[in-house]
Amino acid sequence: LACARRLLATLQSTPIERVWRTVLEGALLEARSGRVDTARKVLKYLMRHVPWYGPIYHEALRLEERVEDPIACLRVVEKGLQEIPRYGPLWFGHFRASERLDLDEWLFAFRRHAARAKQAKQAKQAKQA
């Protein structure tokens, strides 16, 4: 891991147009090693400087899916679809993130209603006793 980071550090002075694929691999390496914040920063940098390459957005989306942040997933997908509206994997990512947000909202409402029902049942039992 340290060797890979040293190799990537030597590319800092090289124009991004020539080394962006290697930098993308570096971001994926950081994500696999658990350094999510570093991977996010590198992917954001790549999205800014290589906006026409859809797999960068897709990898950023996959990272956010792994860390279970559906709102961040939607942000990445929306940026990507603004740049590349015909890139299919981003549309599927949009569907997954939207479904996840709907499910989270439904579970939150269900748990809230279940807690209220439990409190009402306990209050009723307390009145009867």
For L43 and R48, what are the C-alpha separation, side-chain angles and deciding distance, and is it a side chain to side chain contact (heavy atoms under 4.5 Å, CB included)?
-> CA-CA 9 Å; L43 288 167; R48 230 181 3 260; over 6 Å; no
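Applying the salt bridge (charged side-chain N to carboxylate O under 4.0 Å, His left out) rule to D104 yields the partners R100; only residues at least two apart in sequence or on another chain are considered. For F108, there are no ring-ring contact (aromatic ring centres under 6.0 Å, His included) partners at least two apart in sequence or on another chain.
Identified under the side chain to side chain donor-acceptor pair (under 3.5 Å) test for residues 119-129, with sequence neighbours left out: none.
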List, one per line, each side-chain donor-acceptor pair under 3.5 Å for residues 70-94, sequence neighbours excluded.
unit_1 : atom_1 : unit_2 : atom_2 : d
W91    : NE1    : P85    : O      : 2.7

Show me, pair by pair, the donor-acceptor contacts under 3.5 angstrom made by side chains of residues 6-31, not counting sequence neighbours?
unit_1 : atom_1 : unit_2 : atom_2 : d
T10    : OG1    : L7     : O      : 2.5
E30    : OE1    : R5     : NH2    : 2.9
E30    : OE2    : R5     : NE     : 2.7

For residues 52-59, which side-chain N or O atoms pair as donor and acceptor with protein atoms under 3.5 Å away, sequence neighbours left out?
unit_1 : atom_1 : unit_2 : atom_2 : d
Y57    : OH     : P51    : O      : 3.4
E59    : OE1    : R62    : NH1    : 3.4
E59    : OE2    : R62    : NH1    : 3.4

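Atom-to-atom distance recorded for L107:CG and R111:CZ is 5.0 Å, nearest 0.5 angstrom.
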